[in-house]
> 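I am attaching a structure below and will ask some questions about it afterwards.
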Amino acid sequence: MKPLLPGATLGVMGGGQLARMFVHAAQRMGYFTAVLDPDAGSPAGRVSHHHVQADYLDEAGLAQLAGHSQAITTEFENVPAQALARLAGQRPVAPAAAAVAIAQDRAAEKAHFTRLGIACAPHAVIVTPHDLAAVADELLPGILKTARLGYDGKGQVRVRSRQELATAWDQLGRAECVLEKMLPLAFECSVVVARGHDGAMVHLPVQHNVHRDGILAVTEVFDGCLPPAQAARAVEATHAIAAGIGYVGVLCVEFFGLADGSLVVNEMAPRPHNSGHWSLDAADVSQFELQVRTLAGLPLVQPRQHSPALMLNLLGDLWFAPAGAERTPDWAAVLALPGAHLHLYGKLGARPGRKMGHLTVTGATIDAVRTTALQAAQVLGIAGF
Ligand code: ATP
Ligand code: MG
(Lines give C-alpha, C1' and ligand atoms only; values in the text may rest on other atoms or scores of the structure.)
(Ligands and ions follow the chains in the order given, each with its own letter.)
Protein backbone atom coordinates (compact mmCIF):
# COMPACT_ATOMS: atom_id res chain seq x y z
CA MET A 1 0.00 0.00 0.00
CA LYS A 2 1.24 3.48 -0.92
CA PRO A 3 1.20 5.57 2.30
CA LEU A 4 -1.58 8.09 2.74
CA LEU A 5 0.35 11.19 3.64
CA PRO A 6 -0.79 14.05 5.91
CA GLY A 7 -3.42 16.09 4.11
CA ALA A 8 -5.51 12.98 3.51
CA THR A 9 -8.70 12.36 5.50
CA LEU A 10 -8.87 9.42 7.90
CA GLY A 11 -12.26 8.07 8.94
CA VAL A 12 -13.34 6.29 12.11
CA MET A 13 -16.43 4.31 12.98
CA GLY A 14 -17.65 5.36 16.41
CA GLY A 15 -17.27 8.68 18.20
CA GLY A 16 -16.38 7.86 21.81
CA GLN A 17 -13.22 8.76 23.70
CA LEU A 18 -11.02 6.34 21.76
CA ALA A 19 -12.06 7.95 18.48
CA ARG A 20 -11.53 11.39 20.02
CA MET A 21 -7.93 10.55 20.93
CA PHE A 22 -7.42 9.02 17.46
CA VAL A 23 -8.75 12.23 15.91
CA HIS A 24 -6.43 14.33 18.07
CA ALA A 25 -3.41 12.22 17.04
CA ALA A 26 -4.36 12.33 13.36
CA GLN A 27 -4.94 16.07 13.38
CA ARG A 28 -1.65 16.73 15.14
CA MET A 29 0.05 14.92 12.27
CA GLY A 30 -1.76 17.01 9.65
CA TYR A 31 -4.59 14.70 8.66
CA PHE A 32 -8.21 15.62 8.29
CA THR A 33 -10.72 13.40 10.06
CA ALA A 34 -14.24 12.07 9.67
CA VAL A 35 -16.28 10.36 12.39
CA LEU A 36 -19.47 8.36 12.05
CA ASP A 37 -21.54 8.27 15.22
CA PRO A 38 -25.31 8.59 15.72
CA ASP A 39 -24.90 10.88 18.75
CA ALA A 40 -24.80 14.64 18.02
CA GLY A 41 -22.70 15.20 21.16
CA SER A 42 -20.25 12.34 20.75
CA PRO A 43 -16.76 13.09 22.13
CA ALA A 44 -15.04 12.58 18.75
CA GLY A 45 -17.80 14.01 16.57
CA ARG A 46 -17.36 17.33 18.34
CA VAL A 47 -13.65 17.63 17.51
CA SER A 48 -13.55 16.09 14.04
CA HIS A 49 -13.51 17.98 10.74
CA HIS A 50 -16.48 15.92 9.60
CA HIS A 51 -19.14 14.27 11.72
CA VAL A 52 -21.52 11.95 9.93
CA GLN A 53 -24.43 11.61 12.30
CA ALA A 54 -25.95 8.27 11.35
CA ASP A 55 -26.47 4.74 12.59
CA TYR A 56 -23.69 2.25 11.98
CA LEU A 57 -25.70 0.33 9.39
CA ASP A 58 -27.21 3.36 7.67
CA GLU A 59 -26.34 3.04 3.96
CA ALA A 60 -26.32 6.76 3.24
CA GLY A 61 -24.21 7.46 6.33
CA LEU A 62 -21.66 4.81 5.40
CA ALA A 63 -21.48 6.20 1.87
CA GLN A 64 -20.90 9.68 3.28
CA LEU A 65 -18.11 8.46 5.57
CA ALA A 66 -16.47 6.63 2.66
CA GLY A 67 -16.88 9.77 0.56
CA HIS A 68 -14.98 11.89 3.07
CA SER A 69 -12.27 9.35 3.97
CA GLN A 70 -9.30 7.79 2.18
CA ALA A 71 -9.09 4.99 4.78
CA ILE A 72 -11.27 3.96 7.70
CA THR A 73 -10.72 2.45 11.14
CA THR A 74 -12.94 1.63 14.10
CA GLU A 75 -12.89 2.66 17.73
CA PHE A 76 -14.98 -0.09 19.27
CA GLU A 77 -15.56 -3.74 18.59
CA ASN A 78 -19.32 -3.56 18.62
CA VAL A 79 -19.50 -1.67 15.34
CA PRO A 80 -21.35 -4.22 13.22
CA ALA A 81 -18.79 -6.20 11.26
CA GLN A 82 -21.04 -5.98 8.18
CA ALA A 83 -20.68 -2.19 8.24
CA LEU A 84 -16.89 -2.55 8.05
CA ALA A 85 -17.22 -5.15 5.31
CA ARG A 86 -19.48 -2.78 3.40
CA LEU A 87 -16.95 0.09 3.74
CA ALA A 88 -14.11 -2.20 2.66
CA GLY A 89 -15.77 -2.41 -0.76
CA GLN A 90 -14.90 1.27 -1.23
CA ARG A 91 -11.92 2.12 0.94
CA PRO A 92 -9.06 0.43 2.82
CA VAL A 93 -10.43 -0.58 6.23
CA ALA A 94 -8.18 -1.56 9.14
CA PRO A 95 -8.69 -3.65 11.18
CA ALA A 96 -10.60 -5.88 8.75
CA ALA A 97 -14.20 -6.90 9.42
CA ALA A 98 -13.15 -10.54 9.87
CA ALA A 99 -10.72 -9.69 12.69
CA VAL A 100 -13.26 -7.45 14.42
CA ALA A 101 -15.88 -10.22 14.12
CA ILE A 102 -13.61 -12.57 16.09
CA ALA A 103 -13.07 -10.01 18.85
CA GLN A 104 -16.84 -9.37 19.01
CA ASP A 105 -17.51 -12.92 20.07
CA ARG A 106 -15.93 -14.43 23.18
CA ALA A 107 -16.44 -17.96 21.88
CA ALA A 108 -14.73 -17.23 18.53
CA GLU A 109 -11.99 -15.32 20.33
CA LYS A 110 -11.24 -18.23 22.66
CA ALA A 111 -11.23 -20.61 19.70
CA HIS A 112 -8.64 -18.37 18.01
CA PHE A 113 -6.41 -18.37 21.11
CA THR A 114 -6.73 -22.14 21.50
CA ARG A 115 -5.90 -22.72 17.82
CA LEU A 116 -2.64 -20.86 18.38
CA GLY A 117 -1.86 -22.95 21.47
CA ILE A 118 -2.26 -19.98 23.84
CA ALA A 119 -3.91 -21.00 27.11
CA CYS A 120 -7.17 -19.33 28.11
CA ALA A 121 -9.34 -19.91 31.20
CA PRO A 122 -11.11 -23.29 31.23
CA HIS A 123 -14.55 -22.55 29.80
CA ALA A 124 -17.69 -23.86 28.12
CA VAL A 125 -19.84 -22.24 25.44
CA ILE A 126 -23.53 -22.19 26.33
CA VAL A 127 -26.04 -21.87 23.51
CA THR A 128 -28.77 -24.36 24.51
CA PRO A 129 -30.24 -25.71 27.78
CA HIS A 130 -28.42 -28.93 26.91
CA ASP A 131 -25.07 -27.08 26.97
CA LEU A 132 -26.03 -25.64 30.35
CA ALA A 133 -26.76 -29.09 31.79
CA ALA A 134 -23.51 -30.47 30.35
CA VAL A 135 -21.27 -27.91 32.09
CA ALA A 136 -18.44 -29.64 33.99
CA ASP A 137 -18.37 -29.18 37.78
CA GLU A 138 -14.74 -27.99 37.58
CA LEU A 139 -15.93 -24.75 35.94
CA LEU A 140 -17.61 -23.66 39.19
CA PRO A 141 -17.30 -21.22 40.79
CA GLY A 142 -17.16 -19.30 37.55
CA ILE A 143 -18.16 -16.19 35.64
CA LEU A 144 -20.94 -16.36 33.08
CA LYS A 145 -20.27 -13.84 30.29
CA THR A 146 -22.43 -13.02 27.30
CA ALA A 147 -20.55 -14.00 24.15
CA ARG A 148 -21.29 -10.63 22.57
CA LEU A 149 -21.68 -6.96 23.54
CA GLY A 150 -20.09 -7.06 27.02
CA TYR A 151 -17.80 -4.29 28.27
CA ASP A 152 -16.60 -2.91 31.59
CA GLY A 153 -17.87 -6.03 33.35
CA LYS A 154 -21.39 -5.60 31.92
CA GLY A 155 -23.09 -8.80 30.76
CA GLN A 156 -21.26 -10.85 33.42
CA VAL A 157 -22.53 -12.71 36.44
CA ARG A 158 -20.43 -14.55 39.02
CA VAL A 159 -21.90 -17.95 39.87
CA ARG A 160 -20.99 -20.46 42.58
CA SER A 161 -23.47 -23.29 41.96
CA ARG A 162 -25.46 -24.90 39.15
CA GLN A 163 -28.57 -23.24 40.56
CA GLU A 164 -26.94 -19.81 40.37
CA LEU A 165 -25.70 -20.62 36.88
CA ALA A 166 -29.22 -21.42 35.67
CA THR A 167 -30.60 -18.24 37.25
CA ALA A 168 -27.78 -16.15 35.78
CA TRP A 169 -28.39 -17.51 32.28
CA ASP A 170 -32.07 -16.55 32.58
CA GLN A 171 -31.00 -13.13 33.82
CA LEU A 172 -28.82 -12.71 30.70
CA GLY A 173 -31.83 -13.51 28.52
CA ARG A 174 -30.50 -16.98 27.62
CA ALA A 175 -28.19 -15.28 25.12
CA GLU A 176 -25.14 -17.20 23.90
CA CYS A 177 -22.69 -17.18 26.79
CA VAL A 178 -19.29 -18.41 27.85
CA LEU A 179 -18.90 -19.82 31.35
CA GLU A 180 -15.34 -19.31 32.56
CA LYS A 181 -13.80 -20.89 35.59
CA MET A 182 -13.00 -18.26 38.25
CA LEU A 183 -9.21 -18.15 38.38
CA PRO A 184 -7.06 -17.05 41.33
CA LEU A 185 -5.43 -14.00 39.75
CA ALA A 186 -1.98 -12.89 40.91
CA PHE A 187 -2.12 -9.93 38.54
CA GLU A 188 -3.67 -8.67 35.30
CA CYS A 189 -1.74 -7.22 32.39
CA SER A 190 -2.19 -6.21 28.78
CA VAL A 191 -0.12 -5.61 25.68
CA VAL A 192 -0.84 -3.12 22.88
CA VAL A 193 0.61 -4.21 19.54
CA ALA A 194 0.51 -2.42 16.18
CA ARG A 195 0.79 -4.43 12.98
CA GLY A 196 1.26 -2.89 9.56
CA HIS A 197 0.07 -3.97 6.12
CA ASP A 198 3.51 -5.48 5.57
CA GLY A 199 3.32 -7.59 8.75
CA ALA A 200 5.78 -5.44 10.71
CA MET A 201 4.93 -5.25 14.42
CA VAL A 202 5.82 -2.94 17.30
CA HIS A 203 4.37 -2.93 20.81
CA LEU A 204 4.08 -0.85 23.95
CA PRO A 205 5.67 -2.17 27.16
CA VAL A 206 3.52 -4.60 29.13
CA GLN A 207 0.93 -2.81 31.26
CA HIS A 208 -0.04 -3.84 34.80
CA ASN A 209 -3.78 -3.34 35.31
CA VAL A 210 -5.96 -3.22 38.41
CA HIS A 211 -9.71 -3.61 37.95
CA ARG A 212 -12.42 -2.62 40.41
CA ASP A 213 -15.94 -3.98 39.96
CA GLY A 214 -15.01 -5.29 36.51
CA ILE A 215 -13.82 -1.84 35.33
CA LEU A 216 -10.19 -0.86 34.78
CA ALA A 217 -9.17 1.44 37.65
CA VAL A 218 -5.37 1.74 37.57
CA THR A 219 -2.63 0.96 35.03
CA GLU A 220 1.04 1.09 35.96
CA VAL A 221 3.90 0.85 33.49
CA PHE A 222 7.53 0.87 34.49
CA ASP A 223 10.58 -1.36 34.21
CA GLY A 224 9.97 -4.39 36.38
CA CYS A 225 6.25 -3.76 36.96
CA LEU A 226 5.58 -7.44 36.23
CA PRO A 227 7.44 -10.74 36.60
CA PRO A 228 9.81 -10.68 33.58
CA ALA A 229 9.12 -14.22 32.32
CA GLN A 230 5.35 -13.75 32.28
CA ALA A 231 5.72 -10.27 30.75
CA ALA A 232 7.87 -11.68 27.95
CA ARG A 233 5.33 -14.44 27.32
CA ALA A 234 2.51 -11.88 27.13
CA VAL A 235 4.37 -9.95 24.41
CA GLU A 236 5.13 -13.12 22.47
CA ALA A 237 1.51 -14.31 22.69
CA THR A 238 0.19 -10.91 21.59
CA HIS A 239 2.41 -10.94 18.50
CA ALA A 240 1.24 -14.48 17.68
CA ILE A 241 -2.43 -13.49 18.10
CA ALA A 242 -2.07 -10.47 15.79
CA ALA A 243 -0.07 -12.33 13.16
CA GLY A 244 -2.39 -15.35 13.38
CA ILE A 245 -5.31 -13.35 11.94
CA GLY A 246 -3.23 -11.23 9.60
CA TYR A 247 -4.26 -8.26 11.71
CA VAL A 248 -3.66 -4.70 10.52
CA GLY A 249 -4.02 -1.93 13.08
CA VAL A 250 -3.72 -1.58 16.84
CA LEU A 251 -4.73 -4.57 18.95
CA CYS A 252 -4.76 -4.97 22.71
CA VAL A 253 -4.66 -8.35 24.42
CA GLU A 254 -5.53 -8.77 28.11
CA PHE A 255 -3.96 -11.49 30.26
CA PHE A 256 -4.29 -13.01 33.70
CA GLY A 257 -1.12 -13.91 35.61
CA LEU A 258 -1.58 -16.80 38.03
CA ALA A 259 0.35 -17.44 41.22
CA ASP A 260 1.92 -20.64 39.83
CA GLY A 261 3.80 -18.57 37.24
CA SER A 262 1.48 -19.37 34.35
CA LEU A 263 -0.16 -16.85 32.06
CA VAL A 264 -3.67 -17.09 30.65
CA VAL A 265 -5.10 -14.93 27.87
CA ASN A 266 -8.41 -13.19 28.74
CA GLU A 267 -9.63 -11.27 25.71
CA MET A 268 -8.59 -8.94 22.92
CA ALA A 269 -9.79 -5.57 21.70
CA PRO A 270 -9.34 -4.67 18.01
CA ARG A 271 -8.40 -1.06 18.76
CA PRO A 272 -6.42 1.09 21.20
CA HIS A 273 -7.28 0.25 24.80
CA ASN A 274 -7.90 2.06 28.07
CA SER A 275 -4.80 0.38 29.52
CA GLY A 276 -2.65 2.03 26.80
CA HIS A 277 -3.73 5.63 27.49
CA TRP A 278 -0.58 6.30 29.53
CA SER A 279 1.34 6.21 26.22
CA LEU A 280 0.00 9.68 25.36
CA ASP A 281 2.11 11.18 28.14
CA ALA A 282 4.94 8.74 28.86
CA ALA A 283 5.95 7.31 25.47
CA ASP A 284 7.34 9.05 22.40
CA VAL A 285 4.75 7.33 20.17
CA SER A 286 1.26 6.81 21.61
CA GLN A 287 -1.13 3.99 20.81
CA PHE A 288 -3.25 6.48 18.86
CA GLU A 289 -0.34 7.57 16.70
CA LEU A 290 0.29 3.88 16.05
CA GLN A 291 -3.33 3.58 14.93
CA VAL A 292 -2.85 6.52 12.55
CA ARG A 293 0.37 5.02 11.18
CA THR A 294 -1.10 1.56 10.58
CA LEU A 295 -4.19 3.02 8.92
CA ALA A 296 -2.17 5.35 6.69
CA GLY A 297 0.36 2.66 5.79
CA LEU A 298 3.22 4.66 7.36
CA PRO A 299 6.32 3.03 8.88
CA LEU A 300 6.02 1.72 12.43
CA VAL A 301 8.73 2.50 14.94
CA GLN A 302 9.11 0.88 18.33
CA PRO A 303 7.72 3.35 20.91
CA ARG A 304 10.11 4.36 23.69
CA GLN A 305 8.76 4.92 27.18
CA HIS A 306 10.53 7.96 28.58
CA SER A 307 9.00 8.00 32.06
CA PRO A 308 7.44 5.59 34.53
CA ALA A 309 3.68 6.07 34.37
CA LEU A 310 0.54 5.46 36.35
CA MET A 311 -2.93 6.03 34.95
CA LEU A 312 -6.06 6.50 37.02
CA ASN A 313 -9.43 6.19 35.33
CA LEU A 314 -11.83 9.03 36.11
CA LEU A 315 -15.29 7.54 36.39
CA GLY A 316 -18.55 9.46 36.65
CA ASP A 317 -18.71 8.59 40.36
CA LEU A 318 -16.26 11.44 41.00
CA TRP A 319 -18.92 13.96 39.99
CA PHE A 320 -21.06 12.99 42.99
CA ALA A 321 -20.42 13.73 46.67
CA PRO A 322 -20.82 10.78 49.06
CA ALA A 323 -24.36 11.99 49.87
CA GLY A 324 -25.21 11.98 46.16
CA ALA A 325 -25.13 15.72 45.39
CA GLU A 326 -23.47 16.67 42.08
CA ARG A 327 -20.09 18.38 42.24
CA THR A 328 -17.17 19.30 40.02
CA PRO A 329 -13.95 17.47 40.89
CA ASP A 330 -11.19 19.82 42.07
CA TRP A 331 -9.19 19.84 38.84
CA ALA A 332 -7.13 22.83 39.91
CA ALA A 333 -5.81 20.90 42.94
CA VAL A 334 -4.97 17.92 40.72
CA LEU A 335 -3.21 20.10 38.16
CA ALA A 336 -1.12 21.64 40.93
CA LEU A 337 0.64 18.28 41.23
CA PRO A 338 3.80 18.03 39.10
CA GLY A 339 3.61 15.27 36.50
CA ALA A 340 -0.21 15.07 36.52
CA HIS A 341 -1.70 15.03 32.99
CA LEU A 342 -5.46 15.46 32.82
CA HIS A 343 -7.55 14.01 29.98
CA LEU A 344 -11.30 14.63 29.94
CA TYR A 345 -13.39 13.28 27.12
CA GLY A 346 -15.97 16.07 26.85
CA LYS A 347 -18.89 13.84 27.87
CA LEU A 348 -21.83 15.84 29.08
CA GLY A 349 -23.63 13.63 31.60
CA ALA A 350 -21.63 12.03 34.43
CA ARG A 351 -23.02 8.70 35.60
CA PRO A 352 -21.52 6.27 38.09
CA GLY A 353 -19.23 3.84 36.25
CA ARG A 354 -19.10 5.98 33.08
CA LYS A 355 -15.58 6.65 31.80
CA MET A 356 -15.30 10.46 31.81
CA GLY A 357 -11.54 10.81 31.51
CA HIS A 358 -8.22 9.62 32.86
CA LEU A 359 -5.25 11.07 34.69
CA THR A 360 -1.72 10.00 33.83
CA VAL A 361 1.03 10.69 36.31
CA THR A 362 4.65 10.72 35.15
CA GLY A 363 7.80 11.29 37.18
CA ALA A 364 11.48 10.49 37.52
CA THR A 365 10.91 7.28 39.48
CA ILE A 366 7.96 4.98 40.09
CA ASP A 367 8.03 5.90 43.79
CA ALA A 368 7.64 9.58 42.92
CA VAL A 369 4.87 8.72 40.46
CA ARG A 370 2.98 6.67 43.05
CA THR A 371 3.27 9.38 45.69
CA THR A 372 1.80 11.96 43.31
CA ALA A 373 -0.90 9.57 42.08
CA LEU A 374 -1.99 8.85 45.65
CA GLN A 375 -2.25 12.58 46.30
CA ALA A 376 -4.39 12.97 43.18
CA ALA A 377 -6.54 10.02 44.21
CA GLN A 378 -7.09 11.59 47.59
CA VAL A 379 -8.07 14.97 46.11
CA LEU A 380 -10.54 13.29 43.77
CA GLY A 381 -11.96 10.75 46.23
CA ILE A 382 -10.60 7.70 44.39
CA ALA A 383 -9.71 4.73 46.63
CA GLY A 384 -5.96 4.25 47.15
CA PHE A 385 -4.04 1.41 45.49
P1 ATP B 1 -13.51 -4.84 29.26
O2 ATP B 1 -14.03 -5.03 27.89
O3 ATP B 1 -13.87 -3.52 29.88
O4 ATP B 1 -12.06 -5.17 29.42
P5 ATP B 1 -15.18 -7.04 29.91
O6 ATP B 1 -16.52 -6.63 30.31
O7 ATP B 1 -14.96 -7.53 28.54
O8 ATP B 1 -14.21 -5.88 30.23
P9 ATP B 1 -13.53 -9.14 31.12
O10 ATP B 1 -12.25 -8.58 30.67
O11 ATP B 1 -13.94 -10.46 30.59
O12 ATP B 1 -14.75 -8.13 30.95
O13 ATP B 1 -13.58 -9.21 32.71
C14 ATP B 1 -13.49 -8.04 33.51
C15 ATP B 1 -12.67 -8.33 34.75
O16 ATP B 1 -13.28 -9.37 35.56
C17 ATP B 1 -11.28 -8.88 34.44
O18 ATP B 1 -10.39 -7.85 34.12
C19 ATP B 1 -10.98 -9.60 35.75
O20 ATP B 1 -10.62 -8.68 36.76
C21 ATP B 1 -12.30 -10.22 36.12
N22 ATP B 1 -12.39 -11.58 35.52
C23 ATP B 1 -12.89 -11.88 34.31
N24 ATP B 1 -12.81 -13.20 34.05
C25 ATP B 1 -12.24 -13.77 35.12
C26 ATP B 1 -11.87 -15.13 35.47
N27 ATP B 1 -12.09 -16.15 34.64
N28 ATP B 1 -11.30 -15.33 36.68
C29 ATP B 1 -11.08 -14.30 37.54
N30 ATP B 1 -11.40 -13.01 37.27
C31 ATP B 1 -11.96 -12.73 36.08
MG1 MG C 1 -11.54 -7.00 29.76
Side-chain angles (χ1 to χ4, degrees), residues 14 16-18 74-79 100 102-110 112-114 118-126 135-136 138-160 164-165 168 172 175-192 206-220 226 234 237-238 241 250-260 262-277 287 311 313-316 352-356 358 383 385:
Q17 65 266 23
L18 298 175
T74 180
E75 70 131 10
F76 78 128
E77 57 270 43
N78 293 329
V79 161
V100 175
I102 294 175
Q104 276 173 351
D105 182 330
R106 286 188 195 277
E109 189 174 70
K110 285 189 161 53
H112 175 57
F113 300 148
T114 306
I118 299 167
C120 40
H123 64 279
V125 178
I126 297 173
V135 158
E138 301 90 85
L139 294 182
L140 295 169
I143 307 188
L144 187 67
K145 304 180 179 182
T146 54
R148 307 176 72 84
L149 298 175
Y151 71 98
D152 289 348
K154 294 188 177 64
Q156 302 197 1
V157 186
R158 297 183 175 215
V159 294
R160 282 164 302 187
E164 285 184 6
L165 173 61
L172 295 173
E176 180 178 346
C177 281
V178 172
L179 173 68
E180 270 179 50
K181 186 180 173 67
M182 179 73 84
L183 298 173
L185 309 187
F187 63 82
E188 296 189 59
C189 69
S190 57
V191 180
V192 170
V206 184
Q207 302 151 173
H208 178 198
N209 303 324
V210 178
H211 290 79
R212 288 186 187 137
D213 303 323
I215 306 178
L216 182 66
V218 183
T219 294
E220 278 193 314
L226 290 161
T238 302
I241 288 164
V250 169
L251 175 82
C252 180
V253 184
E254 294 180 51
F255 297 90
F256 299 144
L258 308 187
D260 65 2
S262 61
L263 189 81
V264 163
V265 60
N266 173 25
E267 60 173 356
M268 62 182 180
R271 48 167 174 80
H273 193 259
N274 194 168
S275 60
H277 290 355
Q287 60 172 350
M311 184 218 63
N313 258 345
L314 305 175
L315 302 182
R354 188 175 196 204
K355 288 176 177 169
M356 303 296 289
H358 68 270
F385 40 84

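Order of listing sets the numbers, starting from 1, for every ligand and every atom in it.
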> Tell me whether Arg106 has any N or O atom under 3.5 angstrom from an N or O of ligand 1.
yes
> For atom 19 (C) of ligand 1, which of the options Lys145, His211, Glu188 provides the nearest non-hydrogen atom?
Glu188
> Which is it for Asn266 and ligand 1 at heavy atoms under 4.0 Å: side chain, backbone, both or neither?
side chain
> Under a 4.0 angstrom heavy-atom cut-off, which atoms of ligand 1 come close to Leu185?
29 (C), 30 (N)
> From Asn266 CG over to Ser190 OG, what is the distance, rounded to the nearest 0.5 angstrom?
10.5 Å
> Is there a side-chain contact between Pro272 and Val192 (heavy atoms, below 4.5 Å)?
no
> Hey, is ligand 1 close enough to His273 that some N/O pair sits below 3.5 Å?
no
> Can you tell me how far CZ of Phe256 sits from CD of Glu267, rounded to the nearest 0.5 angstrom?
7.5 Å
> Considering only heavy atoms, which of Lys355, Glu267, Met268 lies nearest to atom 2 (O) of ligand 1?
Glu267
> Which of the numbered atoms in ligand 1 are below 4.0 angstrom from a heavy atom of Glu254?
4 (O), 10 (O)
> Not counting sequence neighbours, which residues clear side-chain hydrogen bond (donor to acceptor under 3.5 Å, both in side chains) with Asn274? List them please.
Asn313, Lys355
> Can you list, by chain and residue number, the protein N, O or S atoms under 2.8 Å from the Mg ion (ligand 2)?
Glu254 OE1, Glu254 OE2, Glu267 OE2
> Where do Pro270 and Thr74 come nearest, in terms of heavy atoms and distance?
O-CG2, 4.3 Å
> Of Asp213, Leu179, Leu183, which has the heavy atom at the shortest distance from atom 29 (C) of ligand 1?
Leu183
> Which of the numbered atoms in ligand 1 are under 4.0 angstrom from any heavy atom belonging to Met182?
28 (N), 29 (C)
> Of the non-hydrogen atoms in Thr219 and Leu216, which two are nearest, and what is the gap between them?
OG1-CD2, 3.6 Å
> Report the part of Lys181 in contact with ligand 1, treating N, CA, C, O as backbone and CB onward as side chain, heavy atoms under 4.0 Å; options are side chain, backbone, both, neither.
backbone
> Please find the pair of heavy atoms, one from Ile143 and one from Gln156, that lie closest to each other, and give the distance.
CG2-OE1, 3.7 Å
> Roughly how far, to the nearest 0.5 Å, is the CD1 atom of Ile126 from the OG1 atom of Thr146?
12.0 Å
> Report the residue from His273, Arg271, His277 that forms a side-chain hydrogen bond (donor to acceptor under 3.5 Å, both in side chains) with Gln287.
His277
> Mind checking the OG-CD spacing from Ser275 to Glu188? Nearest 0.5 Å is all I need.
10.5 Å
> Hey, can you pull the donor-acceptor pairs under 3.5 Å for the side chains in residues 177-187, sequence neighbours left out?
from: Glu180; atom 1: OE1; to: Lys145; atom 2: NZ; distance (Å): 3.3
from: Glu180; atom 1: OE2; to: Lys110; atom 2: NZ; distance (Å): 2.9
from: Glu180; atom 1: OE2; to: Lys145; atom 2: NZ; distance (Å): 2.9
from: Lys181; atom 1: NZ; to: Glu138; atom 2: O; distance (Å): 2.8

> Would you say Gly214 has any N or O atom under 3.5 Å from an N or O of ligand 1, going by distance alone?
no
> Using a strict cut-off of less than 4.0 Å between a Lys/Arg side-chain nitrogen and an Asp/Glu carboxylate oxygen, indicate whether Arg148 and Glu176 qualify as a salt bridge.
no
> May I ask which of Ile143, Leu149, Leu258, Leu139 has a heavy atom nearer to atom 22 (N) of ligand 1 than the others do?
Ile143
> Which bit of His123 is near ligand 1, meaning a heavy atom under 4.0 Å away: side chain, backbone, both or neither?
neither
> Can you list the residues that meet the side-chain hydrogen bond (donor to acceptor under 3.5 Å, both in side chains) rule with Thr238, with sequence neighbours excluded?
none
> What are the atoms of ligand 1, with element, lying closer than 4.0 Å to any heavy atom of Gln156?
5 (P), 6 (O), 9 (P), 11 (O), 12 (O), 13 (O)
